[in-house]
Asker: 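My questions all concern the structure below.
Residues take their numbers from the sequence shown, with the count starting at 1. Below, each value reflects all heavy atoms present in this structure, side chains not excepted, and no hydrogens, waters or symmetry copies.
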Amino acid sequence: MKNQKILILNFGGQYDQLIARRVRECNVYCEVKPYTMTLSKIRAFDPIGIIFTGGPDSVYKENSYHPAEGIFELGIPILGICYGCQLLAHHLGGMVTAAENENAREYGKTLTFYDNSCLLFDGLDEESISWMSHGDYMKKVPEGFKLVAHSGKCPNVAICDKERKFYGVQFHPEVNHTENGTAMIRNFLYKVCGAVGDWTMESYMHRCIEEIRSKVGKDKVLLALSGGVDSSVCAALFAEAVGTQLTCVFVDHGLLRKDEGDEVEKAFEKWNINLNRVNAKERFLKKLEGIIEPEQKRKIIGEEFIRVFEEEGKKIGRTDYLAQGTIYPDVIESGKENAETIKSHHNVGGLPDFVDFKEIIEPLRLLFKDEVRELGRQLGLPEYMVMRQPFPGPGLAIRVIGEITKEKLDILREADFIFRDEIAKARMESQLNQYFAVLTNMKSVGVMGDGRTYDWAIALRSVTTEDFMTADWSRIPYEILDKVSSRIVNEVSHVNRVLYDITSKPPATVEFE
């Protein structure tokens, strides 16, 4: 049985993935596609509803982004958000213009008043805060549409045509700053589109297992098990689907966190799979010798991973498929889906040109991190693995700034362990989405005992986030940071300074490199 689907057409908005997260949180499946999607492909996708995202353009300008001609005649409910709302007005007989004065423009938190007779706002507060970000506005509302929300500055905050099931909002319901925003999206899904809420990780698991069995048949699969949440969930999924046809290659490349190898092996004791732990520490360190540029590190590690997999695959005979735990944020940040390349993930952009497998299977590539964790629970992975701290494919190589040596890695491993240990003792794990230590490429003067030191500085990084597309630095209590700092400089040799990173994403990324 196929899931009901919502189609999200991306017009270049910064929150497109956040819209997708909100829809899936309401147990409705969705996919983000470019605005250039043709009418025939939209019909083939067979959505129960369509959402137009925001975007940086003005709908009335030449060469601005517009959907396929005929989309409004499909009889499918549409929700337009910000630029998407203006598209509705522009194409259906209204008029969108630039704000005539500063007062007509709205940015940030705005007190908004709603008409609760509109299904979009049914059962919600009559007034609450919404998040605005627009310099254009609807000067004329299309015929057949009703005004259903306004603010102090703008009379045309939201419009609806109940008969055709077209709804538009100038604000962004997908962001946390909009009070009741998710409830508005839920109302659109269930009260306008008729969603039944059939998107669950349990149903996805069963369907995915059947699809893997159908594709793989009696062939063998080699899986790249890094030890992180994504690859571990992927391994458990294939273990359920094909059992002993699966060989998991866990590459111990010397770039892992403290005790990580042993913990990964223990997590897979319940499955009857071939788990091959390969000691490749010297091999990777030699390849990385003298390399300081982050992208070059990623490319080298990515290619070396594949070469190890190819070699291990030859040892077990013919292997047709390579499985990977690539997830949606990996795809987006690696420059796919019309996104700008931010960095290459080793399991996406870091692949070499030649890969000695018939096909790469990535069953998680449309899932967000929280969905992957829930899938892991459904598959029976232990909680310590499901809630494992996110860890990049290149491992500690991109948390040692500059040249990588065994000595630097050992220093970082101990400092990182202390940071994670103190967070666990403070029972803050569930409040922080990712936290780790970084060995900077900086030495500084210090005083220990009666002597002068000139040693490394460790940087601590912690973020809170919903989707890893954006992130805010974590407000860890000073007393915890003080304890972490004290332990690191006293217990880890060659470290005399500890720094705390208070930069959000953007402008920074979560990782340093």
Side-chain angles (χ1 to χ4, degrees), residues 1-24 26-57 59 63-92 161 164-168 174 185 188-189 192-196 198-199 203-204 207-208 210-211 214-215 326-340 348 359-368 371 469:
M1 178 181 175
K2 291 186 177 180
N3 294 107
Q4 292 180 320
K5 293 180 286 188
I6 291 291
L7 173 62
I8 299 172
L9 289 181
N10 179 17
F11 290 89
Q14 59 180 319
Y15 300 127
D16 56 338
Q17 301 309 315
L18 198 50
I19 297 171
R21 284 289 310 281
R22 295 293 176 256
V23 172
R24 292 193 189 179
C26 295
N27 297 114
V28 181
Y29 182 70
C30 66
E31 289 185 25
V32 179
K33 300 290 185 181
Y35 74 94
T36 52
M37 191 176 188
T38 63
L39 208 61
S40 60
K41 288 185 177 180
I42 292 173
R43 287 195 186 99
F45 189 79
D46 191 27
I48 63 170
I50 298 172
I51 298 177
F52 293 166
T53 74
D57 276 342
V59 295
N63 299 322
S64 58
Y65 296 162
H66 295 272
E69 187 176 349
I71 195 170
F72 300 105
E73 283 74 55
L74 291 175
I76 301 172
I78 296 176
L79 170 63
I81 296 175
C82 197
Y83 181 84
C85 175
Q86 294 162 10
L87 281 172
L88 285 172
H90 180 79
H91 282 273
L92 297 173
D161 182 334
R164 289 186 287 179
K165 299 183 178 180
F166 293 159
Y167 294 79
E174 70 274 21
I185 292 174
F188 175 71
L189 299 174
V192 178
C193 301
V196 296
D198 59 5
W199 171 247
S203 67
Y204 179 81
R207 187 174 72 250
C208 200
E210 289 305 314
E211 288 175 355
S214 176
K215 176 183 281 288
T326 307
I327 67 172
Y328 208 18
D330 295 342
V331 175
I332 297 301
E333 291 206 349
S334 296
K336 310 300 183 185
E337 303 288 339
N338 299 322
E340 181 183 357
V348 183
E359 188 176 342
I360 296 174
I361 305 177
E362 298 171 316
L364 312 180
R365 68 180 290 111
L366 290 177
L367 299 185
F368 292 101
E371 294 175 315
M469 306 303 287

Asker: Treating Glu371 as the side-chain partner and Phe368 as the backbone partner, does any N or O pair qualify as donor plus acceptor under 3.5 Å?
Answerer: yes
Asker: Over all heavy atoms of both residues, which pair between Gly54 and Cys82 is shortest? Give the atoms and the distance, please.
Answerer: CA-CB, 4.2 Å
Asker: Begin with the C-alpha distance, continue with both residues' side-chain angles, and end with the deciding distance and a verdict on side chain to side chain contact (heavy atoms under 4.5 Å, CB included) for Lys41 and Thr38.
Answerer: CA-CA 5 Å; Lys41 288 185 177 180; Thr38 63; 3.3 Å; yes
Asker: Side chains of Ile8 and Asn10: closer than 4.5 Å at any heavy-atom pair?
Answerer: no
Asker: Whether the side chain of His66 engages the backbone of Leu87 through a donor-acceptor N/O pair (distance < 3.5 Å, no angle test) should be reported.
Answerer: no
Asker: Taking the six-membered ring where the residue is Trp, are the ring centres of Phe11 and Tyr35 under 6.0 Å apart?
Answerer: yes
Asker: Looking at Arg22 and Ile185, what are the two nearest heavy atoms and their distance?
Answerer: CB-CD1, 3.7 Å
Asker: Just so I know, are the side chains of Ile81 and Thr53 near enough to count as touching, which here means a heavy-atom distance under 4.5 Å?
Answerer: no
Asker: If every non-hydrogen atom of Asp57 is compared with every non-hydrogen atom of Ser64, which pair is closest and at what distance?
Answerer: OD2-CA, 3.6 Å
Asker: Under 4.0 Å between a Lys/Arg side-chain N and an Asp/Glu carboxylate O for Arg21 and Glu174?
Answerer: no
Asker: Using every non-hydrogen atom in the two residues, find where Phe45 and Met37 come nearest and quote the distance to one decimal.
Answerer: CB-CE, 4.0 Å
Asker: Rounded to the nearest 0.5 Å, how far does CG of Leu88 lie from CD of Gln86?
Answerer: 10.0 Å
Asker: Could you state the interatomic distance from CD (Gln4) to SG (Cys193), rounded to the nearest 0.5 Å?
Answerer: 9.0 Å
Asker: Please verify the inter-ring angle class for Phe72 with His91; under 30° counts as parallel, over 60° as perpendicular, anything in between as tilted.
Answerer: tilted
Asker: Judged by atom type as modelled, is there a donor-acceptor pair below 3.5 Å linking the side chain of Asp198 to the main-chain atoms of Asn3?
Answerer: no
Asker: Show your reasoning for whether side chain to side chain contact (heavy atoms under 4.5 Å, CB included) applies to Ile71 and Leu9.
Answerer: CA-CA 11 Å; Ile71 195 170; Leu9 289 181; 3.7 Å; yes
Asker: Determine whether Tyr29 and Leu366 make a side-chain contact, defined as any pair of heavy atoms from C-beta on separated by less than 4.5 Å.
Answerer: yes
Asker: Determine whether Ile51 and Leu7 satisfy the following criterion, side chain to side chain contact (heavy atoms under 4.5 Å, CB included), listing intermediate values before the conclusion.
Answerer: CA-CA 6 Å; Ile51 298 177; Leu7 173 62; over 6 Å; no
Asker: Kindly compute the distance separating CG (Leu189) from CD1 (Ile48), expressed to the nearest 0.5 Å.
Answerer: 7.0 Å
Asker: Side chains of Pro77 and Val192: does their closest heavy-atom pair fall under 4.5 Å?
Answerer: yes
Asker: For Gly168 versus Cys85, what's the shortest heavy-atom pair and its separation?
Answerer: C-SG, 3.5 Å
Asker: Salt bridge between Glu31 and Lys5, side-chain N to carboxylate O under 4.0 Å?
Answerer: no
Asker: Does the Asn27 side chain pair with the main chain of Trp199, one donor and one acceptor, at a distance under 3.5 Å?
Answerer: yes
Asker: If I compare all heavy atoms of Ile42 with all of Pro47, which pair ends up nearest, and what's the gap?
Answerer: O-CD, 3.3 Å
Asker: Taking the ring centre of each residue, are Phe52 and Tyr83 less than 6.0 Å apart?
Answerer: no
Asker: Do Thr36 and Tyr65 pass the side chain to side chain contact (heavy atoms under 4.5 Å, CB included) test, and can you show the C-alpha distance, the side-chain angles, and the key distance before you say yes or no?
Answerer: CA-CA 8 Å; Thr36 52; Tyr65 296 162; over 6 Å; no
